[in-house]
Peer 1: 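This is the structure I want to talk about, given as structure tokens.
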Protein chains: 2
Amino acid sequence: MLELAVLGLLKEHDLHGYELRKRLGDLLGTGAAVSFGSLYPALSKLEAAGAIRVVTPPGNAGGHSATMAGRVPGRKRKVYGITTAGSALFQQLLTERRSAPLDERSFSLRLAFASYLSPELRLGLLERRRTLLAERLAELAATTGKPRGNRYVQLLAERERDSLSRDLSWLDRLITDERAMGRLAVHN
Amino acid sequence: MLELAVLGLLKEHDLHGYELRKRLGDLLGTGAAVSFGSLYPALSKLEAAGAIRVVTPPGNAGGHSATMAGRVPGRKRKVYGITTAGSALFQQLLTERRSAPLDERSFSLRLAFASYLSPELRLGLLERRRTLLAERLAELAATTGKPRGNRYVQLLAERERDSLSRDLSWLDRLITDERAMGRLAVHN
DNA sequence: GTCATCATGTAAGCCGTTACATGATTGC
DNA sequence: GCAATCATGTAACGGCTTACATGATGAC
């Protein structure tokens, strides 16, 4: 999870840990920032595995001149870049349907990087998620027959039903779009 | 989390582990069933703490005559019941605003047991959740200004925005209802 | 008699967290 | 000079999962 996210972000820019954390924050939905206690060890591990490497020397690699104006620290920050092996690992982690349970987090993360997937795999991702949600909705509908315990449990069940329906529609729209783009590509 | 859920379910019925797992499944949203590998140790721990106890002797305590018709196993199943100490622990865990981060799971679980809360605490729970979501939405809106990376990240951000707005409305409705019920109670 | 399901449990491990420790840089 | 923020890291622990091991019961 974390590794996939890190590799994905490093594919766009070279970044140091502290900055990576921020990006992870708004990539995985606001408020879901990972802690340094998991980020730094993960970076060490990826570096040891040869998936990323320190590219500190080149100076202010990921610089955003707006806020960090004249900043040329060069020494304490460890700016990481992705290696060829890292790109391969990224593809593997992204594709890997072994981690298919496709919970919300996992799905969102993969979709965020969907541009790195082939149209087929991308469509597959959306369809598997669709199937999962459809199953849940069916289960929920089955359970809804018998009146559940208290008022609040019922409210929660209703809310989940609505939420699932909406997500299904959303996915259907995305799937339609993907198919349309596929056809366009073929016709060009 | 798990302990709170177990205690809450045992407040309604005496249950054995296997059955508890099923109930947990549709309490925490379908598909989110906990594993036995975490459930049984949790039960042992709660028993050791005196929060629950085995009430096996009375026989088929939580029985559902429909499917389990003439079943009188009596021996291998360990049916648990909640103790007075357990009820106290339940209240403590449920109230405890220390675990306030109020993520989706935590909030849903607490709301499911909201009937065990005083009207004030119940309202507090809803309002804290509301505040959290409102903050996230504000953050998201701030970030949405600058055009984000790729198409899919944008789609995800849009979806989250919609989802947050809907949840906010839902919470607002619940909050209004709670207040209305509070006034009614006062007037009666 | 054998297979699916019910039922309980242990061991190892994953993936993250909080809390702690350290120190450089910048703004005032 | 001092506080806030930037920046990196370690240690301990939490809560859950998977995989493994065992065995009873009921259906066919």
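Here is how names work: the chains are called A, B, and so on, in the same order as the sequence lines, proteins then strands, and each is numbered from 1.
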Peer 1: Residues two or more places apart in sequence or in another chain: which of them pass salt bridge (charged side-chain N to carboxylate O under 4.0 Å, His left out) with A:E127?
Peer 2: A:R179

Peer 1: Starting from P on D:dT8, measure out to NZ on A:K78 and report it in whole angstrom.
Peer 2: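 Nearest whole value for this atom pair: 8 Å.
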
Peer 1: Considering residues at least two apart in sequence or located in another chain, which fulfil the side chain to side chain contact (heavy atoms under 4.5 Å, CB included) criterion with A:S115?
Peer 2: B:N150, B:Y152

Peer 1: Enumerate all atom pairs, one protein N or O and one N or O from nucleotides 14-19 of chain D, separated by less than 3.5 Å.
Peer 2:
from, atom 1, to, atom 2, distance (Å)
D:dT17, OP2, B:S35, N, 3.1
D:dT17, OP2, B:S35, OG, 2.8
D:dT17, OP2, B:S38, OG, 2.9

Peer 1: If the condition is ring-ring contact (aromatic ring centres under 6.0 Å, His included), which residues does B:Y116 pass it with, not counting sequence neighbours?
Peer 2: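 Counting only residues at least two positions away or on another chain, B:Y116 forms a ring-ring contact (aromatic ring centres under 6.0 Å, His included) with B:F90.
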
Peer 1: Regarding B:S169 and B:R173, is there a side-chain donor-to-acceptor distance under 3.5 Å anywhere?
Peer 2: no

Peer 1: Starting from P on C:dC14, measure out to CG on A:L93 and report it in whole angstrom.
Peer 2: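 Atom CG in A:L93 sits about 15 Å away from atom P in C:dC14.
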
Peer 1: Applying ring-ring contact (aromatic ring centres under 6.0 Å, His included), name anything that partners A:Y80, two or more places apart in sequence or on another chain.
Peer 2: none

Peer 1: Under the ring-ring contact (aromatic ring centres under 6.0 Å, His included) test, which residues partner B:Y18, sequence neighbours left out?
Peer 2: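 Once residues adjacent in sequence are excluded, the partners of B:Y18 under the ring-ring contact (aromatic ring centres under 6.0 Å, His included) criterion are B:F36.
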
Peer 1: Just how far, in rounded Å, is C1' of D:dT22 from OH of B:Y40?
Peer 2: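 Result: 13 Å.
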
Peer 1: Starting at CD of A:E19 and ending at C1' of D:dT5, how long is that distance when rounded to a whole Å?
Peer 2: 14 Å

Peer 1: What is the distance, to the nearest angstrom, from the OH atom on B:Y18 to the P atom on D:dT25?
Peer 2: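 One finds 15 Å between P of D:dT25 and OH of B:Y18, rounded.
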
Peer 1: How long is the line joining CG of A:L20 and C1' of D:dC6, in whole Å?
Peer 2: 15 Å

Peer 1: Could you verify whether a donor N or O on one side chain and an acceptor N or O on the other, from A:R161 and A:S165, lie under 3.5 Å apart?
Peer 2: no

Peer 1: Measure from CG on A:L43 to C1' on D:dA7 and round the result to the nearest Å.
Peer 2: 12 Å

Peer 1: For B:S118, enumerate each residue passing the side chain to side chain contact (heavy atoms under 4.5 Å, CB included) test, keeping only those at least two apart in sequence or located in another chain.
Peer 2: B:E120, B:L121

Peer 1: Using the C1' atoms of five pairs at each end, what's the angle between the two axes of the helix from C:dG1-D:dC28 to C:dC28-D:dG1, to 10 degrees?
Peer 2: 30°

Peer 1: Name every donor-acceptor pair, under 3.5 Å, that has one atom in a side chain of residues 45-55 of chain B and the other anywhere in the protein, sequence neighbours excluded.
Peer 2:
from, atom 1, to, atom 2, distance (Å)
B:K45, NZ, B:E3, OE2, 3.0

Peer 1: Looking only at the side chain of B:H16 (C-beta and beyond, no hydrogens), which of the listed nucleotides C:dT8, D:dA7, C:dC6 gets closest?
Peer 2: C:dT8

Peer 1: Please confirm whether the shortest side-chain N or O distance from A:K76 to OP1 or OP2 of C:dT22 is below 4.0 Å.
Peer 2: no

Peer 1: For A:R21 and D:dG9, give me the distance from atom CZ to atom P, rounded to whole Å.
Peer 2: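 One finds 15 Å between P of D:dG9 and CZ of A:R21, rounded.
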
